[in-house]
There are 2 protein chains.
Amino acid sequence: MKVAGTSAPPETAPTASRPGLRELKKQRTRDLLLRSALELFTERGYEETTVDDVAEAADVSQRTFFRYFASKEDAAFFAARLAEARFVDAVHARPPEEAPLDALRQALAASWDTIGEAVEQVVPLELHMRFYRVIESTPALLAAHLRRATELEERIARVVADREGLDIDRDPRPRVVVAVFGAVMRVTERIWSGRDDTGLAALRDLTATYLDQVSPALTGNWRHTET
Amino acid sequence: MKVAGTSAPPETAPTASRPGLRELKKQRTRDLLLRSALELFTERGYEETTVDDVAEAADVSQRTFFRYFASKEDAAFFAARLAEARFVDAVHARPPEEAPLDALRQALAASWDTIGEAVEQVVPLELHMRFYRVIESTPALLAAHLRRATELEERIARVVADREGLDIDRDPRPRVVVAVFGAVMRVTERIWSGRDDTGLAALRDLTATYLDQVSPALTGNWRHTET
DNA sequence: AGGCTAATGACAGCCGCTGACAGTTGACAA
DNA sequence: TTGTCAACTGTCAGCGGCTGTCATTAGCCT
């Protein structure tokens with residue numbers, strides 16, 4: 001077995017090629033483990049759930065859990081990794097004429113559906129959405145989430161730099177736009193997770209609203225430009 | 001004793017009022033623990049240093065370490081907490097006529113020196129600066145750092161909202177500006193920590209350069225506006 | 001059918017962290 | 001000065017995350 005090690009979704013690739021009883025069982029165990037984890041995390045809380053609890057819920061030993069996921073945290077972000085990958089793809093797909101910030105925004109708009117599909121293949125989308133609240137309210141998970149977001153930003157900054165034909169180590173602008181975009185996204189997530197409607201649609205709409213606030217927020221005189 | 005619990009610097013306040021042998025010893029133990037920790041972390045690496053190592057270097061038991069610091073991580077960010085406090089003060093001190101983004105920038109410019117002083121009282125500034133590289137290159141520390149940064153941003157967003165007389169839960173702009181500012185700061189830290197000159201002056205200059213890139217980066221046509 | 005190897009479980013052990021208990025040592029009043 | 005109290009500390013036991021090791025089981029392939 002070579003699954004764990006930040007358990008990359010790519011492992012899931014040769015699904016249709018040659019099922020095989022072995023692969024099938026592995027996949028089923030992983031999905032069960034994943035579901036059990038997210039359910040326990042959202043019901044009982046992340047810190048309050050031990051890896052033993054998750055393993056037991058999936059009828060495997062704790063050791064096996066760690067063979068599928070590099071860490072407790074790794075399991076928590078498995079679905080998020082799928083979503084990220086879709087977004088990166090969407091950015092790649094944007095026409096090069098678009099201004100960077102527009103490209104990011106359009107890529108996001110275009111990703112929502114594919115992200116939903118991707119997540120749903122592994123775990124109920126609704127569960128995944130509810131789990132975001134747990135992330136926001138659990139310091140350890142929030143920290144991990146932010147670090148992951150930063151890494152994602154770095155990857156995207158490189159894509160943007162390529163699009164514009166810039167050397168990312170010489171021109172700060174790619175990293176800056178992406179960082180700004182990411183910052184707004186995170187503020188949005190935070191607000192969204194604190195609200196009642198944790199549906200994907202609500203997040204999508206809120207994101208659009210907040211992105212509209214970037215320019216207004218950066219220019220001076222606020223006092224006479226009330227929302 | 002009531003030290004730990006995210007060991008708030010405020011505990012250090014009544015230093016001059018009434019030294020007392022007890023207080024003095026406590027302070028000395030804490031500082032020694034802190035220095036030992038940072039030195040070991042920067043020399044040997046954070047993950048490679050056990051709390052037992054730190055405790056032993058300071059000639060106390062592991063249990064005592066945890067009475068001074070809520071966690072290994074808590075010790076790592078003790079000095080950073082001092083710096084943050086100075087920055088928050090500086091933001092408060094800004095004249096209300098300044099536009100938000102300007103205020104943040106000026107506050108930062110005004111803080112550099114006081115931050116240096118504050119840190120120096122607990123740990124050699126140079127050690128603290130070198131430790132930033134460790135933070136940047138240690139996933140667990142980077143994650144914690146980002147979470148801390150987010151919390152700081154929230155606090156500052158409230159200050160900004162107050163300045164402008166806005167309700168932070170109704171108007172997204174305070175959080176958005178602060179998030180943008182913070183994003184640029186973090187990109188700057190990242191670049192800076194990867195360079196040779198890890199002096200405070202280098203960071204200050206780099207920060208100024210990057211902040212200048214915000215507007216240019218957000219407006220469209222990059223290709224004909226090369227740096 | 002039988003050999004090969006992947007997958008699993010059981011066990012031991014490290015590290016971060018906490019509660020409990022007992023011993024030591026400053027602080028302060030008699 | 002001395003005795004009491006409270007603060008500070010060390011020791012020990014134990015939990016949870018995580019890893020290495022090894023024996024056992026179970027799918028795969030000829």
Side-chain angles (χ1 to χ4, degrees), chain A residues 1-7 11 14 17-33 36-37 40-41 44-77 138-141 143-144, chain B residues 1-7 11 14 17-33 36-37 40-41 44-77 138-141 143-144:
Chain A
M1 152 151 20
K2 53 223 163 129
V3 174
T6 24
S7 61
E11 285 294 344
S17 58
R18 183 191 47 104
L21 217 179
R22 218 173 208 153
E23 300 292 328
L24 223 150
K25 271 180 120 176
K26 246 173 35 177
Q27 189 114 346
R28 225 181 305 152
T29 305
R30 195 203 57 188
D31 290 355
L32 184 55
L33 232 19
S36 306
L40 287 171
F41 292 167
R44 197 186 307 176
Y46 180 75
E47 314 269 17
E48 290 71 27
T49 305
T50 61
V51 173
D52 283 292
D53 292 336
V54 177
E56 192 181 355
D59 276 308
V60 294
S61 69
Q62 189 222 50
R63 195 66 184 83
T64 293
F65 173 96
F66 284 112
R67 282 197 258 256
Y68 279 92
F69 304 101
S71 63
K72 188 180 172 183
E73 196 186 285
D74 184 48
F77 290 104
T138 307
L141 284 180
Chain B
M1 142 132 47
K2 54 234 162 126
V3 173
T6 24
S7 60
E11 284 295 344
S17 57
R18 184 190 47 102
L21 216 179
R22 219 170 204 153
E23 300 293 326
L24 223 150
K25 272 179 119 176
K26 245 173 36 178
Q27 188 116 345
R28 225 181 306 152
T29 305
R30 195 204 56 188
D31 289 356
L32 184 55
L33 232 19
S36 306
L40 287 171
F41 291 167
R44 197 187 306 177
Y46 180 76
E47 314 270 19
E48 291 71 27
T49 306
T50 62
V51 173
D52 283 292
D53 292 336
V54 177
E56 192 181 357
D59 278 308
V60 294
S61 70
Q62 189 224 51
R63 196 64 183 84
T64 292
F65 173 95
F66 283 111
R67 282 197 257 255
Y68 280 91
F69 305 101
S71 63
K72 188 180 174 184
E73 196 186 284
D74 184 48
F77 289 103
T138 306
L141 284 180

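Lettering of chains follows the sequences in order, A, B, ..., and the numbering in each one begins at 1.
- For the pair Asp59(A) CG and dG9(C) C1', the computed distance is 13 Å after rounding to whole Å.
- Between atom OG1 of residue Thr50(B) and atom CD of residue Gln62(B) there is a gap of 8.0 Å, rounded to the nearest 0.5 Å.
- The minimum heavy-atom distance linking Ala70(B) with Asp74(B) is given by the pair N-OD2, 3.1 Å.
- OP1 and OP2 of dG16(D) both lie 4.0 Å or more from every side-chain N or O belonging to Lys72(A).
- For the pair Glu23(A) CD and dG27(D) P, the computed distance is 13 Å after rounding to whole Å.
- Residue Ser61(B) has no polar side-chain atom (N or O) positioned under 4.0 Å from OP1 or OP2 of dT11(D).
- One can place CG of Asp52(A) at 17 Å from P of dT8(C), the figure rounded to the nearest angstrom.
- Taking atom CD on Glu73(B) and atom P on dC15(C), their separation rounds to 19 Å, with Å as the unit.
- Shortest non-hydrogen contact noted between Ala75(A) and Phe65(A) is CB-CZ, 3.9 Å.
- In terms of the ring pair (Phe, Tyr, Trp, His ring centres under 6.0 Å) criterion, Phe77(A) has no residue partners (sequence neighbours excluded).
- In this structure, Arg28(B) places its CZ atom 13 Å from C1' of dG26(C), rounding to the nearest Å.
- Of the residues near DNA chain C, Thr50(B) and Lys25(B), the one whose nearest nucleotide (by heavy atom distance) lies more toward the 5' end is Thr50(B).
- Rounded to whole Å, atom P of dT8(C) lies 12 Å from atom CZ of Arg30(A).
- Note: CG (Leu33(A)) to C1' (dG9(C)) measures 14 Å, nearest angstrom.
- Summarising the local packing, CD of Glu56(B) is surrounded by 12 or fewer heavy atoms from other residues, nucleotides or ligands at distances under 6.0 Å.
- Between Tyr68(A) and the phosphate of dT8(C), there is a side-chain N or O to OP1/OP2 separation shorter than 4.0 Å.
- Rounded to an integer number of Å, the gap from Phe65(B) CZ to dC15(C) C1' is 13 Å.
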With 3.5 Å as the limit, what N/O pairs link the protein to nucleotides 20-23 of chain D?
residue	atom	partner	partner atom	Å
dG20(D)	N7	Arg63(A)	NE	3.4
dG20(D)	N7	Arg63(A)	NH2	2.8
dG20(D)	O6	Arg63(A)	NE	2.7

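- The heavy-atom pair separating Ala76(B) from Phe41(B) by the smallest distance is CB-CE1, 4.1 Å.
- Nearest heavy-atom pair, Leu33(A) versus Val54(A), reported as atom, atom and distance to 0.1 Å: O-CG1, 3.7 Å.
- Both Arg22(B) and Thr49(B) lie close to DNA chain C; mapped to their nearest nucleotides by heavy-atom distance, the more 5′-ward contact belongs to Thr49(B).
- Of the listed nucleotides (dG16(C), dG9(C), dG17(D)), dG17(D) has the atom at the smallest distance from the side chain of Val51(A).
- Residue Lys26(B) places at least one side-chain N or O closer than 4.0 Å to OP1 or OP2 of dC8(D).
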